[in-house]
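See structure below.
Treat the numbers as computed from the prediction; the structure is a model and nothing was measured.
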Amino acid sequence: MNVKKYCRQFILPPERCMDWAEKSMVERAPVWCSVDLRDGNQALIEPMGLETKLEFFNLLVEIGFKEIEVGFPAASETEYDFLRALIDRNLIPDDVTIQVLTQAREHIIKKTFEAIRGAKNVIVHVYNSTSVAQREQVFRKGKEEIKQIAVDGAKLLKKLTDEAGANYRFEYSPESFTGTEPEYALEVCNAVLDVWQPTADRKAIINLPATVENAMPHVYAQQIEYMHKHLKYRENVVISLHPHNDRGSGVATAEFGLLAGADRVEGTLFGNGERTGNCDVVTLAMNMYSQGVDPKLDFSNMPYVAALYQGYTNMQISPRQPYAGELVFAAFSGSHQDAIAKGMKFREETGRTVWDVPYLPIDPKDVGREYDSDVIRINSQSGKGGVGYVLEHAYGIKLPMRMKEAMSYAVKHVSDVEHRELKAPEIFEVFGKKFLTPRAHFDLGEVHYRQENGITAIVEIVEGEKKTVVEATGNGRLDAVSNALKKHFGVQYNLTGYEQHALSSGSFAQAISYLGVESRERVFWGAGENSDITRSSVQALVSALNNLLDA
């Protein structure tokens with residue numbers, strides 16, 4: 001690897017521009033413009049067909065986008081036909097503005113205007129590249145010549161709009177802005193604005209793209225702040241961002257750019273786009289949401305949006321994609337699961353309204369996810385807190401604290417042997433086999449009691465085909481049965497950790513009991529379920545003693 005062939009490509013403004021660094025968060029939603037149907041579509045291995053693009057357009061409207069770049073209509077017949085279908089079928093809501101892209105070249109601009117004929121709300125987006133590299137290597141033109149291309153394009157947009165008697169809005173992008181000297185980018189943009197003369201009721205958009213992300217986000221922020229401070233007609237200009245993700249920091253770049261004075265963001269769902277993609281609008285919007293700022297986009301049913309997006313584009317969303325990935329709320333780690341379970345319980349007990357559950361930056365339910373299936377995920381790395389949480393929330397089983405550890409080891413063993421995650425029904429199955437119904441050594445038949453020397457239990461012990469009746473006394477029914485079993489099996493143990501609770505409400509509620517038997521410095525656990533509390537505790541004792549005899 002030859003690092004010496006790379007040089008620092010970024011260009012800082014000629015003055016200090018660090019006001020943005022004093023701000024702690026983005027305090028209001030920007031104007032959003034989806035470029036999924038243009039920038040995103042051109043990056044697909046198989047670009048979308050007409051009907052798919054129409055369905056995607058409807059999804060973007062449903063999410064809440066008010067500005068949608070629908071394509072480069074002069075580039076191909078497919079793009080042209082899609083735009084005409086939107087217009088001719090009257091599919092564009094009155095409160096939605098479509099945006100079309102064109103190079104600053106006369107014949108392309110003229111064909112673009114043919115394509116938008118009849119549309120009500122349109123932004124015509126014209127661009128030319130201004131970077132040092134593009135000027136020197138691609139166009140081989142000087143600064144004045146490049147600026148003239150932009151000015152000529154701006155003039156033609158204005159002329160054709162006036163001739164059409166339309167009220168189209170204009171957008172200009174100095175492509176490869178981040179590779180352009182900021183003072184030169186400012187000169188070009190101001191020259192364009194002088195042509196358009198933006199007003200309060202017809203603002204111009206100056207889009208400042210990180211066409212290739214070549215510096216850290218704070219450099220982009222300084223470049224944006226410089227433009228924000230020095231653009232002409234600033235009160236009538238919308239500064240727009242279009243960050244790409246070559247360094248993997250497209251979202252951070254957009255956030256810093258908004259802090260620096262930008263008003264608008266162009267991006268795509270889940271960051272689709274050329275190379276490493278565009279700014280991920282979903283992540284950017286949900287980052288705002290997580291800090292109490294309404295993003296003005298609706299991702300309350302994230303699985304629905306994600307499924308449609310994957311179907312339309314044939315792209316796959318990573319399981320670790322922020323907010324949308326299958327595993328982003330999943331906690332496999334035992335300590336994480338325990339903290340989440342305790343945090344959720346704390347919310348229930350205190351009625352807290354502010355969301356601050358450990359390890360969960362937002363409430364999964366806000367994006368259409370479920371706690372039981374999406375948050376606590378159980379595998380060989382999981383701990384007692386997570387296993388206990390699943391059993392309690394899925395089945396109402398509230399294990400004693402010490403029993404949770406034994407249950408977690410049982411689940412870990414199954415997951416480790418089978419090398420996979422266990423779902424809630426499988427965890428319940430482990431609980432049943434290990435603690436609720438282990439009967440490898442014996443079971444009980446009929447049990448009767450009489451009050452004599454405290455309580456006397458007459459216990460029928462069933463071992464395969466053999467049945468034995470044993471009597472014993474105790475200070476209660478459970479103690480009497482326990483003494484009968486000790487007498488029969490010749491084992492010594494102490495009862496420990498006894499707890500019980502109802503599994504349902506009403507006169508026919510099932511009771512579940514948990515009980516441990518301590519022997520040889522180990523505790524063996526069992527559980528029992530019955531409508532009769534005494535019977536459920538006896539069944540728990542039978543299960544625990546079977547586990548002891550099995551050791």
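- Both tests pass for Arg135 against the ring of Tyr184: distance under 6.0 Å to the centre and angle within 45° of the axis.
- Atom OH of Tyr312 sits in a crowded spot, with more than 12 heavy atoms from other residues, nucleotides or ligands closer than 6.0 Å.
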Chi angles and distances behind the salt bridge (charged side-chain N to carboxylate O under 4.0 Å, His left out) call for Lys23, Asp19:
CA-CA 8 Å; Lys23 302 174 184 177; Asp19 292 351; over 6 Å; no
Using side chain to side chain contact (heavy atoms under 4.5 Å, CB included), reason through Thr161 and Phe113 one step at a time and then give a plain yes or no.
CA-CA 8 Å; Thr161 298; Phe113 271 77; 3.4 Å; yes
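- Other residues, nucleotides and ligands place more than 12 heavy atoms under 6.0 Å from the NZ atom of Lys229.
- Annotation: cation-pi pair Lys158/Phe170 absent, no NZ/CZ under 6.0 Å from the ring centroid and within 45° of its normal.
- In the model, Glu62 has a side-chain atom that pairs as donor or acceptor with a side-chain atom of Tyr304 under 3.5 Å.
- Between Tyr172 and Ala150, the shortest heavy-atom distance links the atoms OH-CB, 3.4 Å.
- Taking the ring centroids of His228 and His230, they lie at or beyond the 6.0 Å cut-off.
- For the salt bridge (Lys or Arg N to Asp or Glu O under 4.0 Å) condition, the pairs that include at least one residue of residues 291-306, sequence neighbours left out, are Asp294-Lys296.
- Atom CD of Glu349 has more than 12 neighbouring heavy atoms from other residues, nucleotides or ligands inside a 6.0 Å radius.
- Counting only heavy atoms from C-beta outward, the side chains of Lys147 and Lys141 never approach each other to under 4.5 Å.
- Within a 6.0 Å radius of CZ in Arg28, no more than 12 heavy atoms belonging to other residues, nucleotides or ligands are found.
- Residues Arg234 and Asp263 are paired through a salt bridge, judged by an N-O separation under 4.0 Å between the basic side chain and the carboxylate.
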